[in-house]
Amino acid sequence: MTIKRIAYRLLFLGFTILIIPLMPIAIIFLGVSSPEYVIYGTLNMKVSQAVSAWDIYTTFLKHIIMFDFGTSTASGQLVIKEVISALGASAKSILPALLISYGIGTLIGILISKSPAIEKVWLKSEFIFYVPMIVFSYVCLYLLDFTGINFLSNVKYIFTSLILSVYPMYIVAKSFKKTMGEISNSDFFSFHQVCGFSSKQTWKKFCQKFVVIDYFSFFENLVVFMFGFIFFVETPFGIHGIGYKFVFAIQRFDYPVIIGFCIFSIILLSVIGVLVETIKLGLDPRVMSS
Amino acid sequence: MFKISKIKTIVVLIIILLLSYACKSWLITGEVTTYLSAPSFRHWFGTDTAGGDIFLKSINALGIEIITLVIVLPVIYFLGFIIGMVLSYFSSEKIREFLLSLIHYWVTLPVLLIALFLLILIGAGQLNVIAIMIFVLIPTQALYVYNQLETVKKNDFVIAKMSYGLSKPYIYIHHLFPNIKKGYTNYTLARMPEIIMMNLALNFLGLGVQPPHSSFGRMLFDGLSFMFSAWWMWVFVVIILTTIFISINFISGCLLLGGENFGN
């Protein structure tokens, strides 16, 4: 079962790579629109000059497999180089954001599971986590300037990480509470208590790993969320990461960068997904037994 | 009583917004265009770089947001329901497993990036944004319906109904669906923030609503260049957005109640 699930994911990852170049062709032949400018910009092929669909498909596929998305029309740099350098800048916000999400999220989770009073406050203030991060970005930026803090210095990374981790923190705290509740009411927990272990010992010796495994199950979603919405923090704060470059590539109609960024991210995140799934399925005894 | 007043509140709010829109439009008719003017009696939320009234633009953007929700929510509700139902109806284990794995894989893909990729190919426009949002959101809906149906199917009453000789489609439509309906409606309504957020993101990138119409995403992007010199270009949009997200539970409560009253 475990191997089958991973095999399916790898198979679909392969399908994704095969399907992506089909999309522009399908769009042209279905008459939805004519993305010739995208194909010309990315593959340097003129669709109007009797280029067959097969030629477009194979060239596009070759480019995807080789990670060759051409050169940026704005900077003249290789797209892949630009994407990788931007990834480095974005990592400065994403990695601390992940740590903050898991750290503070767990802390909130522990507090709301232990104290009903705190849980009440939490339930009443849940709406804060739904507020889009762009709102936090704008407000933070304005307040930083108002208080005279230089937001162009490294301080910006602290704020971008905090803003990026607002919603993930909520997910982690909620999931932690759910897992705690499920495990405390499970037969597995009761069995160990009957065996003579105290609640604390049972948690420490047998149950902590389930919390870690559950954290793995949405790690991928958190990364996808941060990756997808990072332009909401990078654009206002002027961090030259993937989000910022992507926004300005769209403004400048820099199609090689746009397409390169999209395809590279989809493949990268799919690979992360497969890795996380493999680790999770390998660790989780519940999945193995089912 | 409280439940009825909730609906009344929302109706009153809509009427106030429409009246203020009409009143505001009448106030500024025939007026000389003023660029980047601060909030005043004539321009409640100030004006932008093109002389456009921010208040009117915000109401316009709110309308577009509501239209998007009104189209996307029912469509993903029905299509997700049909796909989920078909998946659960299949008795062939292999086909079901394949389709389920496909949906599971789709769910883990970066939906926003796929939407962006497709939008770049198809072209900008709010209709395209709506179509793509429907396309990327349906699989999760279908997965929810499938999981719920599989849980309900294990109940004894289903076996009892089958022993009466009722057909499988009849049981699905008349007995299984009513059991999951409330949870599914709640789940769909709970996706409102996600839809608004995606719409906001795609419009921020300039791939959604095109001028002369306005969207919150685009207004925020335009406001970025005037962050400190013309604060009114983004502050009111931020306030409206925050209010929308804070009141989302209230709105879904009203919609749920509206549905229940309609059913009664």
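Keep in mind it's a predicted model, so treat the numbers as computed, not measured. So that the names make sense, note that chain A is the first sequence line, chain B the second, and so on, each numbered from 1.
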Which atom names give the shortest non-hydrogen contact between L224(B) and P236(A), and what distance separates them? CD1-CA, 3.6 Å
Closest non-hydrogen atoms of L205(B) and F246(A), given as atom of the first, atom of the second and distance, are CD1-CE2, 4.0 Å
Whatever's closer than 4.5 Å to a heavy atom in chain B on I266(A) counts as both
With heavy-atom distances below 4.5 Å as the criterion, would you say the side chains of F245(B) and V135(A) are in contact? no
For L200(B), which atoms come within 4.5 Å of any heavy atom of chain A: side chain, backbone, both, or neither? both
Is S137(A) close to chain B through its backbone or its side chain, or both, or neither, when contacts mean heavy atoms under 4.5 Å? neither
Is any side-chain heavy atom of C262(A) closer than 4.5 Å to one of I120(B)? no
Applying side chain to side chain contact (heavy atoms under 4.5 Å, CB included), run through L112(B) and F229(A) and close with a yes or a no. CA-CA 8 Å; L112(B) 187 71; F229(A) 290 104; 3.9 Å; yes
Determine the minimum heavy-atom distance between M197(B) and M133(A), stating which atoms define it. CE-N, 4.1 Å
Exceeds 12 heavy-atom contacts within 6.0 angstrom, atom CG of L18(A): yes
Working to the nearest 0.5 angstrom, can you tell me the gap between I258(A) CD1 and L207(B) CG? 8.0 Å
Donor-acceptor pair, side chain of Y138(A) and main chain of L220(B), under 3.5 angstrom: yes
Are F221(B) and Q251(A) packed together at the side-chain level, in the sense that at least one heavy-atom pair is separated by less than 4.5 angstrom? yes
Please name the pair of heavy atoms, one in W234(B) and one in V139(A), separated by the smallest distance, quoted to 0.1 Å. CZ3-N, 4.4 Å
Roughly how far, to the nearest 0.5 Å, is CG of L118(B) from CD1 of I20(A)? 9.5 Å
For Y167(A), does the OH atom sit with more than 12 other heavy atoms under 6.0 Å from it, leaving out its own atoms? no
Find the distance between CZ (F146(A)) and CH2 (W231(B)) and round it off to the nearest 0.5 Å. 12.5 Å
OG of S265(A) to CZ of F117(B), rounded to nearest 0.5 Å, is 11.5 Å
With rounding to the nearest 0.5 angstrom, report the CD1 to CG distance, I134(A) to L241(B). 8.5 Å
Indicate the ring-plane relationship of F204(B) and F232(A), choosing parallel, tilted or perpendicular according to the 30° and 60° boundaries. perpendicular
Please look at E277(A) and chain B and tell me whether the side chain, the backbone, both or neither of the residue comes under 4.5 angstrom of a heavy atom of that chain. neither
